[in-house]
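The structure appears right after this line, and notes come after that.
Protein chains get the first letters and strands the later ones, always in sequence-line order, with residue 1 at the start of each.
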Amino acid sequence: MRNGRHRSLRLMRNGSAFAGFLILSVVVGGALLAGLIAPRPPSEINLEAALTPPCIEYPFGTDAFGRDVLSRVLYGARISLGVGFMARTISLLLGLMLGTIAGFFGGKLDTLIMRAADITFAFPALLLLIAIMAVVTPGMISLFVALGIVGWAAMARLVRIQVLSVREREYVQAARAAGTGPLGLVFRHILPQCIAPVIVVYTLGLGMTIMAESSLSFLGLGVQPPDPSWGSMISRGIPFMRRAPWLTLFPGLVLTSTVCALNLLGDGLRDSLDPRTRGKEGR
Amino acid sequence: MLRFLFKRLLLLVPILFGVVTVTFLLMYVIPGDPVLTLVGERYDDETLERMRSELGLDKPLPVQYLNYLGRLARFDLGESFVTKRPVSDAITERFPRTLALAFSAMLLALVGGVAIGLLAGWGRFRWLGRATMVFSLIGVSIPVFWLGLLLIYLFAIKLSILPPSGYGGGSIKYLILPAVTLSFASMATVARITRSGVVEAVGEDYVRTARAKGLGEMFVLGKHVLRNALVPVITIVGADFGSYLSGSVLTESIFGWPGLGRFIVQGILKRDFPVIQGSILFMAIVFVLVNLLVDVSYGIIDPRIRVKEKSG
Amino acid sequence: MPSIVRKRATLFALLVWIGTVLPSCGTEPDNGYLRLALETEPTTADPVGSVDYSSGLVSSLVHANLVRFTPGGELVSDLATGWDISDDKKEYTFHLGAARFACGRPVTAEDVLYSFRRLLDPVRVSPRWWVLEDIEGAPAFHAGNAVDGLGISNQDDSTVVIRLSRPSAHFLSLLAMPAAGIVCRHDAEERGDEYGIQPCGSGPWSIGEWKEGDELILVRNPQLRSGRQALEGISIRIIPESMTRIAEFEVGNLDILEIPRSELDLWRSAGAPLLSAEELRVVYIGLNNSRPPFDDPMVRRALNMAVDVEAIIVHVLFGAAVEARGSVPTALRRSPPPGELYTYDPDRARELLAEAGYGEGLEIEIWQRENPEGGRVLESVQAYLADVGVRARLVTREWGAFKQAVDQGTPDAFFLDWFADYPDAENFLAPLFHSRNRGGGGNRTGYSNQEVDSVIDAAALVSSAEERWELYRRAEEIVYSDAPWIFLWFPVRYEIVSPRLDGYRIPVIFNGQRFLDVEI
């Protein structure tokens, strides 16, 4: 593969990344258009139609309250993706801020921030999540924050290393000599260089965050009813695994393919953005 | 090497201190009264007061914190609020089981993941490569609890070749399903990393040279490619060890595996502070030590790398 | 294939092979052992510490009481072969038969005294101390003063005399609760906190082995007169996940399985011979009676009419419940429940709400405790309420936080159930509706009606079962028409037993089944 091609083009040429991108577009599209394309309101209860198997009227069947599983999967996309994006963005902002401070200023601040990262790392992640979710009042905000906090340290470490490697480069030194202030240096010269790996880690982490929400749901600590998240739909469908397998199957398939898509996309991004592995993928 | 080890061990002290403090604050600052979960549906306020003072929860927070640190310094993790038995007893009883599960899962992930990754990366069986990669992609993306139950239905009920759940006094066949479930996600990651490591190494000059020199293909693969790919694999498995430990939370519930993960979740849900603090601290120590071990093993596997900074 | 790959593949195959060649389904069940599964591990087998279901069950299998319940819910003699009650109904004299603890020591009146004092201990507070609350001097003793004033004494080695501070018709039922189990003084003193895992009682079973988190094996109490039980022992496995318990039953590793309602029609349509019994448990939505909007009985009645309980039972619960008209479960009644007051009638409900000044609708919060299995019905109620303009927001909290909030009267409404401590109508009226028990005592709605209070108080003094029931029926009727709750249902429990089992029935009260008549 020749270098110099446009990056997005390269990404498109990577077949599996493109597949990931396609799947993700469909899911995001479904989430955005849920209000238009969902056949029914997601919380509309119709007890007479409870546990209807998939049919023309209910393509994904209905749940124990007769709610339309398809509509819930569509609205669930909003919640699951929303939780993922919000949580990752919190991690990202925290990580960018603290990582840059640590890398740019160094010294005591650096030590302090990195020790805090070490401490966060020392907790087994899921346990920390469970502990946080068990003690705070459950709700979306708590979920964002908990998932966000658990992910900040990895992001901060990554950013710090990038900043360290960029900081001493000639053009940065030149800009500094030309009198650019620290903020200018960070925003104009240093951060743009960190974007690529950060995007990769952000994307790959999205999938993990969505999975983590489903694990929390299984323990009853995730998204609270009646809001549908894929994770909570699956875990609430588990007792019906044999009686009404469509309750777990459809949200499960959508969750699995979304996370798959995010991983494919993340890998593809890594391949096209990260100069170290560029062109080495044997295809 | 020894100096490095010593330095790293010394560094653990502030980290673990941080873990203790954060856990303590998490439990005590945020409202939620453990005594209320201890009494039944019928109680009176005086009983609550008395139980609180019996558990030492009526003292001011800093005093409770110092008391706790004092006990820790004597290696005393305290007694469970619920069962009134020493937390350390429960940990010694249960941790080996979680460790057995985590280690078998790690082994499976390593062996299975490397095998899949080699097959996929070798490039000779492209379709096989594709198939295994699809499998491993699904592996990372399927919720553990769903997978676990599907496996129970397949192997225990439909095929009836493995027991559905339980510990079975340590018999291997009870270990297989939970270990496979727990290893699945990590196996997939290992496979992906191995594959890209192999792909990368196959293009390197020294592998080409070795091949040109007429060394047998398998020899080349073994000697160079694998060694190259092993470093990131070990990193991943080491970093994932924490997720084996905490992932056991779900796996243990599904398979009725009497390990530490389930114990902690029970503790958290019942606000059994000594249990939560003791076992999270213990898990953190194990986790941190494993990471140290991973760092050390880099040097052994590949002398070219000496203790580089780990990237997130 | 490259050799390394082959090596790995071989190893993998080896692992799979090990799995398949080992004998297929667990250790063969020890003959004569009943195999049960519990969702949560008992926290203790000590009577004074047993608050949750699992602990209560194990503790009552290991310990005998003065009196006990049969599987059918009748009160019969256990350690006490007989008892006399004084004319003023305040003095109970129990005559102990010859029984021995599992450790071999005889059960004496001294042990009974010790056990009851232990339950009332002012230092190691038992959350269940209220079981003996009616005994003369018990509250003072429990508070740490007046050690001598406690109305329990032993006349000789086999006679215990208990004086009550006021007559209490259900006192004997209280003595049958797990908390009032008789422990061996010698062992309890010697073992301290370890008594919880190494108990010594005179019940039919004693603990053979407790594999923490895994399995609890009960064996016959060696001191029990032979011929009383057919089983060698009981194995109780701890399996948290209900689908896993089902799998274990299906492969033949369990003898008794409770069918979760999600699978009920699956088993029914397969023609499985299910056992069923209405539980001594009432499920309700408590309304906060002490402040608007639910201080107005009209609003409360309107809500009762807004919810189609029958439809929820049929469609959501798969018929596994009986509609509650009142609060006393069928098994404890001596006459049919009150006539239906709140037929499903959304129009009438809207009218009542409008009359009460809520024609514009109403916004409320309904709290529920985090309970993955049980809590999954509230959304259907929410939909019915929305239909009459009551927009209910569901708030889920962990048990401790839930209790704290509800007992302080924070939420407008809450979804909860009440389990019987003992099979007596009193247990479904006094704790739940007597104004004395507001808050943590059980009356969480803050309901207060002097007539109900006095009728319940009067019933406690009456010894004729007929007369007592007449009073309780009156109390229940008033409560039902005052509607402090949205009355929902009494759940029906479904179980299946393995074909090798004989003589088992679902007990009326959980500690009534001691597996004495069960055979394999």
Rounding to 0.5 Å, atoms OG (A:S235) and CD (A:E213) come to a distance of 8.0 Å
Would you indicate whether A:M211, at its atom CE, is surrounded by more than 12 heavy atoms from other residues, nucleotides or ligands within a distance under 6.0 Å?
yes
Would you call C:R35 and C:E248 a salt bridge, taking side-chain N to carboxylate O under 4.0 Å as the test?
no
Answer with yes or no after comparing the ring centroid distance for C:Y53 and C:F419 against a 6.0 Å cut-off, counting only values under it.
no
Which atoms of C:D265 come close to chain A, meaning under 4.5 Å heavy atom to heavy atom: side chain ones, backbone ones, both, or neither?
side chain
Would you say that more than 12 heavy atoms from the other residues, nucleotides or ligands in this model lie under 6.0 Å from the CD of C:E340, or not?
yes
Is C:D407 salt-bridged to C:K403, cutoff N-O under 4.0 Å?
no
Is there a side chain to side chain contact (heavy atoms under 4.5 Å, CB included) between C:T396 and C:F402? Walk through the geometry before answering.
CA-CA 8 Å; C:T396 310; C:F402 173 87; over 6 Å; no
Might you point out which heavy atoms bring A:D68 and A:S71 nearest each other, and give the distance in Å?
OD2-OG, 2.5 Å
With a strict 4.5 Å heavy-atom criterion, list every residue of residues 32-54 of chain A that contacts chain C, or say none.
A:I45, A:L47, A:E48, A:A50, A:L51
Parallel, tilted or perpendicular, as decided by the 30° and 60° cut-offs, for the rings of C:Y384 and C:Y344
perpendicular
Here the pair of heavy atoms bringing C:R444 nearest to C:G439 is CG-O, 3.7 Å
Within residues 487-494 of chain C, the residues sitting under 4.5 Å from chain A by heavy atom, in sequence order, are none
Is C:L264 in contact with chain A via its backbone, its side chain, both, or neither, using a 4.5 Å heavy-atom distance?
neither
